Number of protein chains: 2
Amino acid sequence: MKSSETKAERPGLLARLLREAGYRDTAPRRAVVRAIEEADGEQSPEALWRAAQRIHPGIGRATVYRTLELLTGLGAVRPLIAAEGGRRYPVAVGGHHHLVCSGCGTVVEFDECAEGEVARRVARRQGFAIQGHLLEIYGTCGDCRVTGEVRT
Amino acid sequence: MKSSETKAERPGLLARLLREAGYRDTAPRRAVVRAIEEADGEQSPEALWRAAQRIHPGIGRATVYRTLELLTGLGAVRPLIAAEGGRRYPVAVGGHHHLVCSGCGTVVEFDECAEGEVARRVARRQGFAIQGHLLEIYGTCGDCRVTGEVRT
DNA sequence: GTACCATTGAGACGGGGTATCACTATGAAG
DNA sequence: CTTCATAGTGATACCCCGTCTCAATGGTAC
Ligand SMILES: [Zn+2]
Ligand SMILES: [Zn+2]
Ligand SMILES: [Zn+2]
Ligand SMILES: [Zn+2]
């Protein structure tokens with residue numbers, strides 16, 4: 001996005017998706033959708049809410065969650081489980097994987113993945129239709145290993 | 001465990017671990033530890049708490065979490081993030097993987113895994129020492145696909 | 001413009017995890 | 001065995017985050 005010609009308020013892919021799915025075109029929803037698009041990548045619902053507030057002051061938490069839910073239903077967004085605390089991260093479609101340090105919590109993204117094969121086999125056997133998968137590798141990062149600190 | 005000769009109150013692997021790590025040997029801790037051992041496999045903290053209560057009535061929630069934390073620090077237990085609600089599942093070391101239906105929440109376990117390779121490579125490149133990994137495949141189960149119900 | 005009903009914001013609610021704190025009891029020393 | 005410092009404990013308040021409820025609002029079809 002060149003940011004120079006933000007003139008005509010492009011319809012926005014997500015906004016269009018919602019409209020086409022028969023949902024009403026409301027300001028709060030547009031705000032959430034913009035928040036998501038502008039913050040490309042993973043974001044916690046809270047972060048998206050804050051972003052949406054900047055765009056549409058007064059928007060309620062519930063609305064953010066509701067919109068996120070709709071988008072999830074449409075497959076435009078995929079909720080993941082956050083590594084630490086157990087919060088979710090709605091993430092734009094298409095993802096990578098994580099390397100998580102159990103010492104300091106550092107998270108490194110990576111893309112390699114050998115699951116296509118296994119996933120397909122397992123899924124077929126169980127009669128599942130695959131939508132995606134989550135792979136996280138746990139371990140200790142260099143620093144933590146040196147320090148020996150693996151917990152408080 | 002034959003359940004017949006529960007005579008001498010075997011020290012218990014986990015209990016021993018704690019003791020050897022310099023932690024005091026208390027009744028509440030023994031209760032938590034037993035709860036974990038007897039419920040082999042994954043358990044939610046709540047479930048473990050209930051189990052521990054049966055063994056040591058009056059034990060507090062906090063104590064369960066604290067003990068779980070200690071054990072995690074000792075590497076005897078690994079906390080995972082539960083598929084749905086975002087709660088954690090401490091699980092005995094060594095695990096399997098999950099096939100999760102995004103429609104009804106059904107979870108199917110499986111063991112195949114082709115990540116050894118990838119995990120090692122990625123980890124080495126980043127200077128991580130691998131402890132384990134989590135693989136979850138998302139999709140829709142047969143029932144949900146038929147019904148078409150993939151959301152409320 | 002009107003009417004209908006999808007959508008919204010506020011706020012109550014609830015699950016589950018953490019922080020605090022006064023009290024208890026382990027385990028070492030004498 | 002008694003003493004003692006302090007690790008450990010249970011109750012409770014608290015907090016985060018997500019959901020639910022409901023009256024008010026405002027899209028959209030006509
Ligand atoms: Zn680290
Ligand atoms: Zn992958
Ligand atoms: Zn299902
Ligand atoms: Zn594996």
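Residue numbers begin at 1 in each chain, while the letters A, B, ... track the order of the sequences. Keep in mind that what you see is a predicted model, and the values were worked out from it rather than measured.
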[N] [atom2] sits how many Å from [X] [atom1], rounded?
| X | N | atom1 | atom2 | value |
| --- | --- | --- | --- | --- |
| Glu69(A) | dT8(C) | CD | P | 12 Å |
| Tyr65(A) | dT21(D) | OH | P | 18 Å |
| Asp25(A) | dT7(C) | CG | C1' | 12 Å |
| Leu18(B) | dA7(D) | CG | P | 16 Å |
| Arg19(A) | dT28(D) | CZ | P | 7 Å |
| Leu68(B) | dG17(C) | CG | C1' | 12 Å |
| Trp49(A) | dG9(C) | CH2 | C1' | 10 Å |

Could you pull out every donor-acceptor pair under 3.5 Å between side chains of residues 54-67 of chain B and any protein atom, sequence neighbours left out?
| residue | atom | partner | partner atom | Å |
| --- | --- | --- | --- | --- |
| Thr63(B) | OG1 | Arg66(B) | NH2 | 3.4 |
| Thr67(B) | OG1 | Thr63(B) | O | 2.8 |

**OP:** Please list, chain by chain and in numerical order, all residues satisfying side-chain hydrogen bond (donor to acceptor under 3.5 Å, both in side chains) with Arg24(B), sequence neighbours excluded.
**Re:**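 Partners of Arg24(B) under the side-chain hydrogen bond (donor to acceptor under 3.5 Å, both in side chains) test: none.
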Subject >> Partner residues of Arg120(B) under the side-chain hydrogen bond (donor to acceptor under 3.5 Å, both in side chains) criterion, sequence neighbours left out >> reply: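 side-chain hydrogen bond (donor to acceptor under 3.5 Å, both in side chains) check on Arg120(B) returns nothing, list empty.
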Original post:
Any side-chain heavy atom of Arg34(A) sitting closer than 4.5 Å to one from Arg30(A)?
Top reply: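 Not touching, per the 4.5 Å side-chain cut-off.
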Original post:
Quick one: are Leu74(B) and Leu18(B) in side-chain contact, heavy atoms under 4.5 Å?
Top reply: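 A side-chain contact under 4.5 Å exists here.
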Subject >> Closest contact, heavy atoms only, Ala76(A) versus Leu14(A) >> reply: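 Result for this residue pair: CB-CD2, 3.6 Å.
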**OP:** Go through the steps for Val33(A) and Leu13(A) under the test side-chain contact (heavy atoms from CB on, under 4.5 Å), then give the verdict.
**Re:** CA-CA 9 Å; Val33(A) 148; Leu13(A) 172 57; over 6 Å; no
**OP:** Verify side-chain contact (heavy atoms from CB on, under 4.5 Å) between Arg29(A) and Leu70(A), making sure each step is shown before the conclusion.
**Re:** CA-CA 10 Å; Arg29(A) 269 180 194 159; Leu70(A) 289 183; 3.7 Å; yes
Subject >> Helix axis bend for the helix from dG1(C)-dC30(D) to dG30(C)-dC1(D) - C1'-based end axes, five pairs, 10° rounding >> reply: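 End-to-end axis angle: 30°.
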Protein-nucleic acid N or O pairs under 3.5 Å, nucleotides 9-12 of chain D:
| residue | atom | partner | partner atom | Å |
| --- | --- | --- | --- | --- |
| dT9(D) | OP1 | Thr26(B) | OG1 | 2.7 |
| dG10(D) | OP2 | Gly60(B) | N | 3.2 |
| dG10(D) | OP2 | Thr63(B) | OG1 | 2.2 |
| dG10(D) | N7 | Arg66(B) | NH2 | 3.0 |

